[in-house]
Amino acid sequence: MLLCRLKQQALLLHRSPTAALITRQLFHEIPATTSALPPPVVQPLTPIRARLRSGVGVDLAAATWALKSSRELKTGSQLHAIAVSSGLFSFLAVSNSLMCFYSKSGHFESALVVFASIPNPDVVSWNTILCGFDSCVDALRFAQRMRHAGVLLDPVTLTIVISFSGDLQDISVVHQLHSLALKSGFDSDVFVSNALITAYGRHECIESARKVFDEMLMRDLVSWNAMISGLTQEGSCADEAIEVFVRMVGDEGLRPDHISFSSAIAACVQNSDLQLGSQIHGFAAKVGLKTHILVSNVLMSLYYKCRCEDSATIVFHEMRNRNVVSWTTMISIDLSNAVLLFNSMRIDDIQPNDVTFVTLIYALSPQHSIKEGEMIHGICFKTRFSTEVNVSNSLINLYAKLGSMEDARKIFDDMEIKEIISWNSLISGYAQNGLCEEAILSFSSAAIHSKPNQYTFASVISAITSAQTVYLSYGHRLHCCIIKLGLNTDEYVAGALVDLYAKRGSIVESQLVFDEPFRKSLISWSAIISAHAKHGNYEIVMKLFEEMVNSSILPDHITILAVLTACCSCGMITMGRQIFDSMIGEYKLDPWPEHYACIVDLLGKAGKLADAEEFLMKIPNGPGVSALQSLLGACRIHGDLELGKRVAEALMEKEPMESGAYVLMSNMYANNGDWENAARVRRWMRDKGVKKEVAFSWVDAGIGDSLFMHKFASDDNTHPLAEQIYGVAESLGSEMMVLEEDELMAA
DNA sequence: GTAGGGTTAG
């Protein structure tokens, strides 16, 4: 008889369809049945079984204790069998422990089965199941069921439900549960208050979190941690988070644990506050927590964000245990060794997850071949991560980056679920590859099939920003939609608009968008600075650059290049060199060839040709084309034929088919009155087959909503209406001649 | 000696 019950239960546990049935029964209030169950597999067991055999018997304490310390499914199932055979299962302490075991060891369905077999579950039984759910929706439905079953709500139930409500989209449930806590008097329970702080924190409703925290009579370490992490997550309260951390340590004398440290350091990451972060690092070392996996992981982010990759790497190497987060962070720190690190991670027996793949895919640069991209894609496929939406999105980005929009499109078309992010990846992919028309078409589809968000708009705007053709009227139309949708103060949209108008519209419109209240990112700062730099507005550029640095945004290569350009066009030699030095010293950026070229240009234009040449010689790996071009240009302006010849030769050697050097050299001879050599260079150019780049022009017919642009090159007759167009051009020409004659006659 | 709160990577 006993064996039969045992068999029944063991079967139930390992047959998920049965478990699924029980789940349905729980939700639909169908009375559970445990009849008609196939045979079990029972393994011999452990000291407890020995005790049972030797007639000592197993008591309640032994059974629950054994369950608590066990994590292996096999051991748990065996204990389950013993509990049933010894009759201990009928004690709620034992059956509840069993549910807890199954739930914590990742076999929630088995816990549900046990629950269904308990004749009179108590509130602990219900709570144990309640906290085992993955999804907050399921958990809250189960809580409703508890209420219908007449289970009396206790602080534990409330704590669990509040913590689930933090995951919901809608904050109103948190508010409801908060008032329930006040009504029932459970708000004095520390656990309940802590859960409330966290739930409010997750909804970034920091005022309410703070209120709960402030009104607590007794706070424990978890309360402080919840408050600190809530402030850290909010995004704009990092300073307050630090303040609370300091109060906790200084005023309350509490000893921070790994979670306090990780939250406080995360706040430093947000502020890019290397100094304070390092201090907290030292503090963690003092209390022996610096190599804790959580603390080390966030320390790596700190050093990475503050561009101290070496320190981040040291933290990684000092870790005794590393998890998938540590490895993934390390991959994002050392992108050039991403594949190598990925392999080491697998040797270390750490399984990658979707984030790892997203990072790894991101690490591949346009310099990588399609083949390498396909290899990573293959690993994603084998490990079954390629169907994850975020991984697919990254793959779209990858193929776009590698220049293969066909592959990107294929991934997109194969996706079962397309998020708006997927559309955004596709649109920005077309944008990067200069396929503006496709980007606009995809944007239209996205608007039909999905709900465009700020990123969709930002992507399509960036497409028209980088398009060869100027789609300004389309840009204005998009801008109108954006204002209507209230997205004009979104940092990405506003940033993209600043960039669009800076590059394609007018600096006035760009400045107008920039003056709107939105969170200025590096991109938007760089866009507005670049725009003013192009117009030679030196004072404005320097003022904006100062404002940007003061708002703790670190400049990147593009920003510095813009500032250098401004210095260059206004001949600010000292400032230019100062910025160049700070780029290396203060901002830890390796100059690009363009930055060197800028300084060469700056010195050259000012007539300091010798300094320029000296600087040029110091460029690591030799001067790039742009630096040589700058110097050659300067030689032309200042008439230094000798240096010009040397530079032109170097340039022609580097790029024999580029017309620039030949044209400049020939012009220099011509300026000098040396027509013979000027002609010689031109001849030389012709013999080598070097051609000047073809100039393009375009006409927007501007009819209705049409986006069609008519493009022309010189001597181009590929347009379908070429004959008519040339006809009109000719008749216009003759009309002009007539007009000119008339004017002459009148004179 | 059965149930509840705080945590890191794109």
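For the numbers below, each heavy atom of this structure counts, side chains included, while hydrogens, waters and symmetry mates do not. The chains referred to below are lettered A, B, ... by the order of the sequence lines, with proteins before strands, and numbering in each begins at 1.
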Can you check the A/I396 CD1 to B/dG10 P distance for me, whole Å?
-> 21 Å
Classify the nucleic acid contact of A/D154 as base, sugar-phosphate or nothing, counting any heavy atom under 4.0 Å across all strands shown.
-> base
Pair A/T356-A/T328, side-chain donor/acceptor within less than 3.5 Å | yes
What does A/V295 touch in the nucleic acid at a heavy-atom separation under 4.0 angstrom: a base, only the sugar-phosphate, or nothing?
-> nothing
Quick one: is the NZ or CZ of A/K290 closer than 6.0 Å to the six-membered ring centre of A/F283, and within 45° of its axis?
-> no
Listed nucleotide nearest any side-chain atom of A/S229, set B/dG6, B/dA3, B/dA9 = B/dG6
Donor-acceptor side-chain pairing of A/T128 and A/N96 below 3.5 angstrom | no
Closest to side chain of A/P155, choosing from B/dT2, B/dT8, B/dG4 = B/dG4
Of the nucleotides B/dG6, B/dA3, B/dT7, which one has an atom closest to the side chain of A/V222?
-> B/dG6
Report the distance from atom CE of A/M330 to atom P of B/dA9, rounded to the nearest whole Å.
-> 16 Å
Nearest to the side chain of A/K104 - B/dT7, B/dG6, B/dA3?
-> B/dA3
A/Y304 OH to B/dT8 P, straight-line distance once rounded to whole Å | 18 Å
Does A/Q233 make a side-chain N or O approach to OP1 or OP2 of B/dG6 shorter than 4.0 Å?
-> no
Round to the nearest Å and state the distance from A/L98 atom CG to B/dG1 atom P.
-> 18 Å
Nearest-Å distance, CG (A/L231) to P (B/dG6)?
-> 16 Å
Spacing of A/L177 atom CG relative to B/dG4 atom P, expressed in whole Å | 18 Å
What does A/T159 touch in the nucleic acid at a heavy-atom separation under 4.0 angstrom: a base, only the sugar-phosphate, or nothing?
-> base
Mutual orientation of the aromatic rings belonging to A/F385 and A/F357 [parallel < 30°, tilted 30-60°, perpendicular > 60°] | tilted
Using the ring of each side chain (for Trp, its six-membered ring), is A/W126 parallel, tilted or perpendicular to A/F142, with breaks at 30° and 60°?
-> tilted
Kindly point out which of B/dT8, B/dG6, B/dG10 is positioned nearest to the side chain of A/L294?
-> B/dT8
Just call it for A/F191: base, sugar-phosphate, or nothing, with non-hydrogen atoms closer than 4.0 Å on any strand.
-> base
With respect to the side chain of A/V192, which nucleotide from B/dT7, B/dT8, B/dG4 is positioned closest?
-> B/dG4
Mind checking A/T329 for me? I need base, sugar-phosphate or nothing, with any heavy atom below 4.0 Å counting as a touch.
-> sugar-phosphate
A/D354 has its side chain closest, among B/dG10, B/dT7, B/dG6, to B/dG10
Taking the side chain of A/V355 as heavy atoms from C-beta outward, which of B/dT2, B/dT8, B/dG10 is closest to it?
-> B/dG10
For the base of B/dA9, is there a side-chain donor-acceptor partner from A/N323 under 3.5 Å away?
-> no
Separation of B/dT8 P from A/N225 CG (nearest whole Å) = 11 Å
Nearest to the side chain of A/I160 - B/dA9, B/dG6, B/dG4?
-> B/dG4
Consider the side chain of A/T328, meaning its heavy atoms from C-beta on, and name the nucleotide among B/dT7, B/dT2, B/dA9 that approaches it most closely.
-> B/dA9
Which is true for A/I259 with a 4.0 Å heavy-atom rule: it touches a base, it touches only sugar-phosphate, or it touches nothing?
-> base
For A/N321, does the CG atom have more than 12 heavy-atom neighbours from other residues, nucleotides or ligands under 6.0 Å away?
-> no
Angle class for the A/Y455/A/Y492 ring planes (parallel below 30°, perpendicular above 60°, tilted otherwise)?
-> tilted
How is A/R202 classified with respect to the nucleic acid when contacts are heavy atoms under 4.0 Å: base, sugar-phosphate, or nothing?
-> sugar-phosphate
Is the shortest side-chain N/O distance from A/S262 to OP1 or OP2 of B/dT8 below 4.0 Å?
-> no
Give the rounded distance in Å between these two atoms: CG of A/L79 and P of B/dT2.
-> 15 Å
